[in-house]
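Accompanying notes for the structure given below.
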There are 2 protein chains.
Amino acid sequence: MDSRIKERLEAHLASSGLRRTRQREVIVEAAFATDDHFNAEDLLEKARKLDRTISRATIYRTLQLLVECGLLREVDFGRDQTYYDPNFLDKPQHNHLICLDCDRVVEFEDDNAALLHDCITRRLGFHPQMKSMRIEARCDELARTGFCPHKKEREAAGKN
Amino acid sequence: MDSRIKERLEAHLASSGLRRTRQREVIVEAAFATDDHFNAEDLLEKARKLDRTISRATIYRTLQLLVECGLLREVDFGRDQTYYDPNFLDKPQHNHLICLDCDRVVEFEDDNAALLHDCITRRLGFHPQMKSMRIEARCDELARTGFCPHKKEREAAGKN
DNA sequence: TCCTTTCTTGCCATCAGTCTCAATTAAGTT
DNA sequence: AACTTAATTGAGACTGATGGCAAGAAAGGA
């Protein structure tokens, strides 16, 4: 596990007057053991392999904590559960274009997007530490025909 | 109520093989009677004043329908319920910058954002019919001090 | 070591939203 | 009008996630 993870967590706990607990250690261990995306239930299962007493509520609370201190990112586009990405410390951008009809998500990188992101966040008094942008649109096909061809594909694939 | 609303709904129903029902009429009537944002429970209450038999499930299903055909927009940033905006047919942009810590939402317009939006959506094979962009960032203060000053304000104001 | 404070946890109730299913109803056909 | 079909509805079970609360535990001081 990347050593920056525990460092950043420690720093956040210290600066917020929060405490190191066995449960938090175990959950972080489970969350960052691999680079895979996971949801709350996955994490509960993994964490309980290390400590069978971990409760569901603590999982949800710790997930919130890890999102707050910038170690996890929520990725929940078009699915019924919230998923988490434990592997984005070094990725400079996380831009998504989302089809409003079929929930298809297209990830993209774009230099102009990065520039614009900086520019707008600064102008509005924000700090552009975490580059992320989300655009909603409709498929060409959807606009022309009123029906998104990816919708059926995705439903067939059981994505919804 | 803007006559384009019923027109667009009719068109969507017809093109998708869906049916006109008393419940849908009533719910649309209730949703677009005013320009205010509302949530599912608000709408259920309003709709039941016109027809006491409307069920909660039908409200949720009709909300989905109205979002699909572009008559409603979901606005759920940083609140526990999903809210809906019935008044955006003519607004060219809906851009939001969101503080990752306190969930403060700043609406902005920006010509470059509009251009970039067009450019990216076209490049990825999408149709930029509905301009909307969502950027996540952190307050300057949060980045400097590790604490967002708006967080307490918002909590005091009961926004969360 | 014991004590105090305050954060944290597990349990369970609750909440918003979705799903299932049988009964109903719109819309087209005869 | 009667019939057929497929969409739609209401009721209630269910799901993912959150909130309240009393018991437990971390951190610091005496």
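Below, chain A is the first sequence line, B the second, and so on; all start at residue 1.
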Query raised in the report: Sub-3.5 Å donor-acceptor pair from the side chain of A:R8 to the main-chain atoms of A:G70, do we have one?
Result: yes
Report summary line: Sorted by chain and number, sequence neighbours left out, side-chain contact (heavy atoms from CB on, under 4.5 Å) with B:D42 holds for B:F38, B:N39, B:Y83
Query raised in the report: Taking only residues two or more places apart in sequence or in another chain, which ones pass side-chain hydrogen bond (donor to acceptor under 3.5 Å, both in side chains) with A:R20?
Result: A:E10, A:E25
Query raised in the report: Short question: side chain of B:S16, backbone of B:L13 - any donor-acceptor pair under 3.5 Å?
Result: no
Query - Qualifying salt bridge (Lys or Arg N to Asp or Glu O under 4.0 Å) pairs, either residue in residues 43-52 of chain A, two or more places apart - result: A:R22-A:D51
Report summary line: side-chain hydrogen bond (donor to acceptor under 3.5 Å, both in side chains) filter on A:Q64, not counting sequence neighbours, yields none
Query raised in the report: CD of B:Q64 versus C1' of D:dT8: gap in Å, rounded?
Result: 14 Å
Report task. Measure from CZ on A:F38 to P on D:dG16 and round the result to the nearest Å. Result -> 16 Å
Report task. Kindly say whether B:I54 contributes a backbone atom to a donor-acceptor pair with the side chain of B:T58 at under 3.5 angstrom? Result -> no
Which pairs, protein N/O on one side and nucleotides 28-30 of chain D N/O on the other, fall under 3.5 Å?
none

Report summary line: Residues passing the side-chain contact (heavy atoms from CB on, under 4.5 Å) test with A:A57, sequence neighbours excluded, are A:S55, A:R61
Query - Rounded distance in Å - CG (A:L65) to C1' (C:dC7) - result: 12 Å
Query - Test salt bridge (Lys or Arg N to Asp or Glu O under 4.0 Å) applied to B:R56 - qualifying residues, sequence neighbours left out - result: B:E41
Query - Residues from residues 18-33 of chain A lying under 4.0 Å of DNA chain D - heavy atoms - result: A:R19, A:R20
Query - Close approaches to DNA chain C from residues 44-60 of chain A, in residue order (heavy atom, under 4.0 Å) - result: A:T53, A:I54, A:S55, A:A57, A:T58
Report task. Apply side-chain contact (heavy atoms from CB on, under 4.5 Å) to A:A33 and list each qualifying residue two or more places apart in sequence or on a separate chain. Result -> none
Report summary line: side-chain contact (heavy atoms from CB on, under 4.5 Å) filter on A:L50, not counting sequence neighbours, yields A:V26, A:E29, A:A30
**Report entry** d(NE2, A:H12; P, C:dC7) in whole Å
**Finding:** 14 Å
Query - hbond_proxy B:R61 side chain to C:dG17 base (donor-acceptor, 3.5 Å cutoff) - result: no
**Report entry** Contact nearer the 5' end of DNA chain C, comparing A:T62 with B:A40
**Finding:** A:T62
Report task. Round to the nearest Å and state the distance from A:Q81 atom CD to D:dT15 atom C1'. Result -> 9 Å
**Report entry** Any B:T82 side-chain N or O less than 4.0 Å from OP1/OP2 of C:dG17
**Finding:** yes
Requested in this report: Check the distance between D:dT18's C1' and A:E74's CD and give it to me in whole angstrom.
Outcome: 13 Å
